[in-house]
Engineer: 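Please see the structure below; I have some questions.
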Amino acid sequence: MNEPKVGRSRLVRWIGLVVANLVIVGVLAAGAFLYGWARFARVLPELQGWHRQAPASEFRAADARPNYTFDDYLKQEAEVFKQLDALVAGPWKAEAVGKFDRFRAGSVCNPAYTLERNWNRSFVLKAAKPIGGVLLVHGLSDAPYSLRALAERLQAEGYTVVGLRVPGHGTCPRALAEVSWEDWTAAMKIAAQGVRALIPADAPLVLAGYSNGGALSVHYATSALDDTSLPAVNALVLFSPMIGIRPLARVSRLYHTVARLSGDPKAQWSAVSAEVDPFKYCSWPMNASEQAWALTQEVERRLAALERAGRMGQMPPILANQSAIDATVVVPRLITVLFDRIKPGGPSELVLFDANRVAWLANLVNLSFEREIRPRLERKDLPFKLTLVVNAGTNSLAVKAQTRAGDSLTELALKEAWPKEVFSLSHIAVPISPADPVYGTSEATVKSGLPLGSLSMRGEHGALMIPDSMLIRQRHNPFYPFMEDHIVKWLAENAKPR
């Protein structure tokens, strides 16, 4: 009579034992992870002034009170850079040593000396008779400089262009450790209203976003669908858009706990490097990854909600330019999260730059990225236009553009070709011209004297105070002229007032 009860009791004890063991293992694993993280932080280089301090006047979402305009944003930004200059000339002066230091006055790396103006700041390029307005939005840890070439081309085509310095950027790495994604989206709304005020009422408004700026552009476009007080978007142009971010970024939220338990402020950083780039931070605060993750999750939520409501057809046409090999974003998720939801038969287009498949590189390039991308692109029911930039032949560095729209397939031989030493583009290369005076070819960087796009140094791995990626990662797009022309033509055909 008691056997069933005894059996149940044993089962309960066994389950309890298993659960207890799992809890113990989980606690030990978490403890080991946090300990390892804290140990990693200790071996990072010592923090400098620009890791510990930031201008206090930086824009916050709370500043976007009623009647706050883009002119107010620019005035506040001017105060930010005034405070930055005071830090550079004051408490940071003794720490900024050596020829290559962004925060040393007179250094070739100092953005005030690199080129004719400081392109870290927001800018406005007005057209005499604007045919439209374009808001350019840079990427994470980046600055308005990254979209400078496109800005100048679009102005020449008749657009009034505003390059937004997203809060936390263009000053010092500490600023990126203190900002939130809500600050970014609030600044986007102010800037979009600023562009709208500079162009005729019947002229189209275009958002062009790079990386994190791509996510911000999509976020704004979805927000404008629900908030009629925001200017509507007539077209989106994206470069390496941060639509699908790698899940590891989610773990970055634990840095608060690690820093608190360890008492080491370096636990707030995943990289502390020499700041040699005038227009991009080399050090990386964990907060940057945390905010990027939160933003991409919000963008995914918004797109999913639009799809459930049957409203994706209200989204403006989208042109995205993306490297097939990208170590920052998950390219297949750009397709599944964004492009697969687009209304079929419209003008939206994905331009994908393939790897260099010249025959002599055949066993050197890891092509495993294809496994996730190919099945999503080879199906017959693509709801968007697809353009692939590929080698013209197995023994050729020349390239062609293959465009597929429904059942139609066309090919166009391009003037550009793969440089013989380049095996792929990269996340950061897509919007950068080979003629860029900092990130371009060795010939292009003579003017600035800062060849970050063609830097070549040799020695042991990990010995330099700059990331090894600066020596191998492609910094400019050899096919930029084709892409720029394609953008101008696509906008002329598709950026229309609603």
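Keep in mind the model is a prediction, meaning the values are calculated, not measured. In what follows, residues are counted from 1 in the order of the sequence shown. Just so it is clear, the values below take in all heavy atoms, side chains as well, and ignore hydrogens, waters and symmetry mates.
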Engineer: Per the ring-ring contact (aromatic ring centres under 6.0 Å, His included) rule, what does the pair list look like for residues 313-345, sequence neighbours excluded?
Structural biologist: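 Passing the test, one end in residues 313-345: F339-F384.
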Engineer: Sub-3.5 Å donor-acceptor pair from the side chain of K266 to the main-chain atoms of L44, do we have one?
Structural biologist: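 Looks like yes, one N/O pair under 3.5 Å.
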Engineer: Could you state the interatomic distance from CG (L350) to CG (L319), rounded to the nearest 0.5 Å?
Structural biologist: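 Answer for the CG-CG pair, L350 versus L319, is 8.5 Å.
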Engineer: Only counting residues at least two apart or in another chain, list the ones meeting ring pair (Phe, Tyr, Trp, His ring centres under 6.0 Å) with F239.
Structural biologist: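 Residues passing ring pair (Phe, Tyr, Trp, His ring centres under 6.0 Å) with F239: none at all.
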Engineer: How many angstroms lie between OG in S433 and CG in N477, if you round to the nearest 0.5 Å?
Structural biologist: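 One finds 8.5 Å between OG of S433 and CG of N477.
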Engineer: For K400, enumerate each residue passing the salt bridge (Lys or Arg N to Asp or Glu O under 4.0 Å) test, keeping only those at least two apart in sequence or located in another chain.
Structural biologist: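 Here the qualifying residues are E411.
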Engineer: Please report, to 0.1 Å, the donor-acceptor pairs under 3.5 Å made by any side chain of residues 490-497, with sequence neighbours excluded.
Structural biologist:
from : atom 1 : to   : atom 2 : distance (Å)
W490 : NE1    : P347 : O      : 3.1
N494 : ND2    : W490 : O      : 3.0
K496 : NZ     : A492 : O      : 3.0

Engineer: What verdict does the side chain to side chain contact (heavy atoms under 4.5 Å, CB included) test give for W184 and L295, after you've listed the backbone C-alpha separation in whole Å, the side-chain angles of each residue and the deciding distance to 0.1 Å?
Structural biologist: CA-CA 9 Å; W184 301 338; L295 173 63; 4.2 Å; yes
Engineer: Output, in order, the C-alpha distance, side-chain angles, deciding distance and verdict of side chain to side chain contact (heavy atoms under 4.5 Å, CB included) for K189 and Y220.
Structural biologist: CA-CA 7 Å; K189 295 174 182 178; Y220 177 89; 4.0 Å; yes
Engineer: Near R379 CZ, under 6.0 Å, is it more than 12 heavy atoms from other residues, nucleotides or ligands?
Structural biologist: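 Check passes, neighbour count above 12.
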Engineer: Return a table of donor-acceptor pairs under 3.5 angstrom between the side chains of residues 147-158 and protein atoms on other chains or two or more places apart.
Structural biologist:
from : atom 1 : to   : atom 2 : distance (Å)
R153 : NE     : E157 : OE2    : 2.9
R153 : NH1    : E484 : OE1    : 2.9
R153 : NH1    : D485 : OD1    : 2.9
R153 : NH2    : E157 : OE2    : 3.3
R153 : NH2    : D485 : OD1    : 3.2
Q155 : NE2    : K126 : O      : 2.9

Engineer: Can you list the residues that meet the ring pair (Phe, Tyr, Trp, His ring centres under 6.0 Å) rule with H486, with sequence neighbours excluded?
Structural biologist: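 Result, ring pair (Phe, Tyr, Trp, His ring centres under 6.0 Å) vs H486: F482.
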Engineer: To the closest 0.5 Å, what do you measure between OH (Y145) and CZ (F279)?
Structural biologist: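 It is 5.5 Å, given to the nearest 0.5 Å.
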Engineer: Taking only residues two or more places apart in sequence or in another chain, which ones pass side chain to side chain donor-acceptor pair (under 3.5 Å) with D226?
Structural biologist: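 R311.
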Engineer: Using a 3.5 Å distance criterion without hydrogens, assess whether the side chain of N356 forms a donor-acceptor pair with backbone atoms of F423.
Structural biologist: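 Flag not set: sc N356 to bb F423 has no pair under 3.5 Å.
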Engineer: Of all residues at least two apart in sequence or in a different chain, which pass the side chain to side chain donor-acceptor pair (under 3.5 Å) check with S408?
Structural biologist: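 With sequence neighbours excluded, S408 shows a side chain to side chain donor-acceptor pair (under 3.5 Å) to no residue whatsoever.
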Engineer: Output the distance between atom CG (L386) and atom CZ (R376), rounded to the nearest 0.5 Å.
Structural biologist: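 Output value for this atom pair is 14.0 Å.
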Engineer: Is the closest side-chain heavy-atom distance between F123 and V162 below 4.5 Å?
Structural biologist: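 Side-chain contact under 4.5 Å: no.
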Engineer: Centroid-to-centroid, F479 to W418, below 6.0 Å?
Structural biologist: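 Yes, they do, as the ring centres are separated by less than 6.0 Å.
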Engineer: When rounded to the nearest 0.5 angstrom, what is the spacing between CZ in R196 and OG1 in T160?
Structural biologist: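 The CZ atom of R196 sits 11.0 Å away from the OG1 atom of T160.
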Engineer: Looking at P481, P478, P434, which hits side-chain contact (heavy atoms from CB on, under 4.5 Å) with E416?
Structural biologist: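 Single pass found, and it is P481.
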Engineer: Verify, without hydrogens or angle tests, whether Q322 (side chain) and V351 (backbone) share a donor-acceptor contact under 3.5 angstrom.
Structural biologist: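 It does not hold such a pair.
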Engineer: May I have the step-by-step check of salt bridge (Lys or Arg N to Asp or Glu O under 4.0 Å) for R357 and E370, ending in yes or no?
Structural biologist: CA-CA 13 Å; R357 296 176 186 262; E370 293 182 313; 2.5 Å; yes
Engineer: What residues, two or more places apart in sequence or in another chain, satisfy ring pair (Phe, Tyr, Trp, His ring centres under 6.0 Å) together with Y73?
Structural biologist: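 Y73: ring pair (Phe, Tyr, Trp, His ring centres under 6.0 Å) contacts with F59, F70.
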Engineer: Under 3.5 Å, side chain of D354 to main-chain N/O of V389, donor-acceptor pair present?
Structural biologist: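 No, because the side chain of D354 does not come within donor-acceptor range (under 3.5 Å) of the backbone of V389.
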Engineer: Measure from the side-chain N and O atoms of N321 to the backbone N and O of L238, and report whether any donor-acceptor pair falls under 3.5 Å.
Structural biologist: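 Indeed, once roles are kept as given, a pair shorter than 3.5 Å links the two residues.
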Engineer: Tell me which pairs pass side-chain hydrogen bond (donor to acceptor under 3.5 Å, both in side chains) where either residue lies in residues 199-213, with sequence neighbours left out.
Structural biologist: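 Non-adjacent pairs meeting side-chain hydrogen bond (donor to acceptor under 3.5 Å, both in side chains): S211-H427.
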Engineer: Between E349 and T387, do the side chains contain a donor N or O and an acceptor N or O under 3.5 Å apart?
Structural biologist: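 Short answer, yes.
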Engineer: Taking atom types as modelled and ignoring hydrogens, do the side chains of W284 and S273 form a donor-acceptor contact shorter than 3.5 angstrom?
Structural biologist: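 No.
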Engineer: Name all pairs fulfilling the side-chain hydrogen bond (donor to acceptor under 3.5 Å, both in side chains) condition that reach into residues 165-182, sequence neighbours left out, sorted by first residue then second.
Structural biologist: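 Listed by first then second residue: E58-R165, E77-R165, T171-Y281, R174-E178, R174-Q268, S180-E182, S180-D183.
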Engineer: Using a 3.5 Å distance criterion without hydrogens, assess whether the side chain of N287 forms a donor-acceptor pair with backbone atoms of V179.
Structural biologist: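 Such a contact is found between N287 side chain and V179 backbone.
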Engineer: Rounded to the nearest 0.5 Å, what separates atom CG in D142 from atom CG in L176?
Structural biologist: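 Answer for the CG-CG pair, D142 versus L176, is 11.0 Å.
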Engineer: Using side-chain heavy atoms (C-beta onward) and a distance below 4.5 Å, is K343 in contact with M312?
Structural biologist: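 No. Closest side-chain heavy atoms not under 4.5 Å.
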Engineer: Return yes if some donor-acceptor pair links the side-chain N/O of E275 with the main-chain N/O of C282 below 3.5 Å, else return no.
Structural biologist: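 Flag set: sc E275 to bb C282 pair under 3.5 Å.
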Engineer: Any sub-3.5 Å donor-acceptor pair from R102's side-chain atoms to C172's backbone N or O?
Structural biologist: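 Judged by distance alone, no pair lies under 3.5 Å.
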Engineer: Compare all side-chain heavy atoms of S223 with those of T185 and state whether any distance is below 4.5 angstrom.
Structural biologist: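 They are not in side-chain contact.
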Engineer: In this structure, which one of V233, T222, V137 forms a side-chain contact (heavy atoms from CB on, under 4.5 Å) with S217?
Structural biologist: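 It is V137, the one option of V233, T222, V137 that forms the side-chain contact (heavy atoms from CB on, under 4.5 Å) with S217.
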Engineer: Could you tell me if Y68 and Q76 have a donor-acceptor pair between their side chains, going purely by distance under 3.5 Å?
Structural biologist: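 Side-chain D/A pair, Q76 to Y68: present.
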Engineer: Heavy-atom count around L409 CG within 6.0 Å, excluding the residue itself: above 12?
Structural biologist: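 Enclosed.
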Engineer: H476: what forms a ring pair (Phe, Tyr, Trp, His ring centres under 6.0 Å) with it, not counting sequence neighbours?
Structural biologist: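 H476: no ring pair (Phe, Tyr, Trp, His ring centres under 6.0 Å) contacts found.
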Engineer: Should the pair R52 and W50 be classed as cation-pi, given the thresholds of under 6.0 Å to the six-membered ring centre and 45° from the axis?
Structural biologist: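 R52 over W50 ring: no.
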Engineer: So, D277 and R475, do they make that salt bridge, N to O below 4.0 Å?
Structural biologist: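 The answer is yes: the pair qualifies as a salt bridge.
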Engineer: Is a side-chain donor-acceptor pair under 3.5 Å present for D71 with T69?
Structural biologist: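 No, D71 and T69 have no side-chain donor paired with an acceptor closer than 3.5 Å.
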